[in-house]
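To start, the structure under review is shown below, and the notes come after it.
Below, chains carry the letters A, B, ... as their sequence lines are ordered, and counting in each starts from 1.
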Number of protein chains: 2
Amino acid sequence: MTDPDRRDVDVDRAIGDRRELVNDAIATQLPVTEPERLYEASRYLLDAGGKRLRPTMLLLVAEAVTGVDALAEDYRAFPDCADGEIDVMSAAVSIEVIQSFTLIHDDIMDDDDLRRGVPAVHQEFDLETAILAGDTLYSKAFEYMLETGAPPERSVRALDRLATTCTEICEGQAFDVEFEGRAEIDSDEYLEMVELKTAVLYAAAAAIPAVLLGAEEGVVDSLAGYGLDVGRAFQIQDDLLDLTTPSERLGKQRGSDLVEGKRTLVTLHAREQGIDVGSLLPDDVDEVTEAQVDEAVATLHDAGSIDFARETAQDLVASGKANLDPLPDGEPKALLAAIADYLVERDY
Amino acid sequence: MTDPDRRDVDVDRAIGDRRELVNDAIATQLPVTEPERLYEASRYLLDAGGKRLRPTMLLLVAEAVTGVDALAEDYRAFPDCADGEIDVMSAAVSIEVIQSFTLIHDDIMDDDDLRRGVPAVHQEFDLETAILAGDTLYSKAFEYMLETGAPPERSVRALDRLATTCTEICEGQAFDVEFEGRAEIDSDEYLEMVELKTAVLYAAAAAIPAVLLGAEEGVVDSLAGYGLDVGRAFQIQDDLLDLTTPSERLGKQRGSDLVEGKRTLVTLHAREQGIDVGSLLPDDVDEVTEAQVDEAVATLHDAGSIDFARETAQDLVASGKANLDPLPDGEPKALLAAIADYLVERDY
């Protein structure tokens, strides 16, 4: 039937169409009620934008698993693998809300002032409100995951995956902090940290709709694998973009990860090749010139580190797409494959 | 049969025996694994002590609902109302872990340096680790609540109550912060805040074991009512103790809530009687003398505010005990009644 690798699907449109629906669903499910300041803070980052990649992935998996036409069904009453109806949109909102909670708390921990072009929640509001807004989104996500109307045995499995995922995200963030203080990290340790901190939420987004809709265990496992693969690829691409995307486009100085001494797959590989990564650029981001960044990137390129990271990401995408094999062919499956490509081909 | 009001049950021993079991269960279910610093921080406050009132209440409800002899059963394989076995201890640990998460985040928000006689987690570790430890405990609590072995339809209801409870705790904390900046709060608003911030977790501790064990809906509702009543009484008693317990016993200056301008049922009542509560004591806790506190308490007493708070707490305890009526008579029920009394009779 259709080739899951085909490029005639319009991934931008697929993401854009679903983003609109997810935005509406967030506004419906998370209204600003009393106490108002708390719910304003809880909505603030969600309202500031975002691509909604994870909920979009969740909705596409729902379509792919059940083999319905893309966007043909009401996500609030989605036909499952038996003859029930599941509110998969509520699950999609749940995943996006978890993502938002982690960003709010991460920005406090990393002392980041800006996010999505607006002040971080602890800057726009205050530290107390930001902690509390994150905590509120956390439990709301569990409430939403319980509101899908799925049979209890499926809901329990979805909830279990959601809870475990949240624990792993915390562990990943803790490893990230721990690694900052350690001299030697190898690339396997780095990839494991990325798996926990970033990829498990993609895995949840891909696996949970299959669980809720009653898909077979093997399909659920494959989809989790797809999410883990593309989630890791996504993070590696993020690290590469910091080196290759013009500063105006990035919205910050290109090469700032290098200046800050952030570990990435690129720098870990370069270090293993004997490059003194710490001295590639000045320590003060205001003193860095584009020419210096070009030179640093050339050095990393010559060491094979850029290619190593790029190839690792591409391998993960290939593995991710292979994990889609158990799904019935069709536009949703093709879009999931295209999203995997998109994650490593995007230039911002 | 037995009188649920009888005083021949030994509440201290009942709490003490179960505290030991809960402590062991916490050590088993929340081991210090990698990343170590994260799990050390997650355990730190739990290991620092605490009466374990909420998990003890949960275990007693399990005993009362099923009518088994107190402490006669293994809480890890507890006979339910049909012929299944439920790990009610896992639910008890879940509730205590939620309590610990809220304390860790509250101490950051309130900038409190000490808790249970040891440094707060953000002082002993750091802000990042404290936020992350709280977040980890949050998801772990959901994991533990999913590990009771209860049938899925009961687990889903227990999870739903847990998630809603967490949202309400956040809302209660947000109202508490909001009230600090408002001139006029009436006692109904105050009691509603206390219900959200404090009492709902007691309600969860009392209702969830009944849900997990398959008790009838009416019993579950009554037990939730018991928890709400005694939880509010507990908070009012806490406020009274700040005025009446000697400083050495309290571990801080008696009357410090008054110095800090904290709203309590006592001060809200006094304000309604025309007392200028803000000028009862100096603004600096170091300048406060015991004689001044005695005088302030006498003023509040003369205004009827102490009695008003005490009677409100006693009414709540009476209502809480009436909510135990649907339970079969026996030692567990008598102990639940005695715990309600204990909460307003304790002097520290």
Please classify the contact of B:E168 with chain A as side chain, backbone, both or neither, using a heavy-atom distance under 4.5 Å. neither
Best-contacting candidate, B:R157, B:E143, B:Q173, B:R154, against chain A by heavy atom pairs under 4.5 angstrom: B:E143
For chain B, find its close neighbours in residues 90-109 of chain A: heavy-atom separation under 4.5 Å, sorted by number, or none. A:F101, A:H105, A:I108, A:M109
Which heavy atom in B:E34 sits nearest to a heavy atom in A:E171, and how many Å separate them? O-OE2, 4.3 Å
Compare every heavy atom of B:D135 with every heavy atom of A:C170, then report the nearest pair and how far apart it is. SG-CB, 3.6 Å
Contact winner vs chain B - A:L132, A:T136, A:L38, heavy-atom pairs under 4.5 Å: A:L132
More than 12 heavy atoms of other residues, nucleotides or ligands under 6.0 Å from CD of A:E124: yes or no? yes
Which heavy atom of B:V156 sits nearest to which heavy atom of A:S155, and what is that distance? CG2-CB, 3.9 Å
Sort out for me which of A:T167, A:L137, A:L146, A:I131 touches chain B most, counting heavy-atom pairs under 4.5 Å. A:T167
Below 4.5 Å from any heavy atom of chain A, which atoms of B:L127 appear? Answer side chain, backbone, both or neither. side chain
Does any heavy atom of chain A fall under 4.5 Å from the side chain of B:L159, the backbone, both, or neither of them? both
Would you please test A:S139 and B:Y138 for side-chain hydrogen bond (donor to acceptor under 3.5 Å, both in side chains) and show each step? CA-CA 9 Å; A:S139 50; B:Y138 209 152; 3.1 Å; yes
CG on B:D160 to CE on A:M145, rounded to 0.5 Å: 13.5 Å
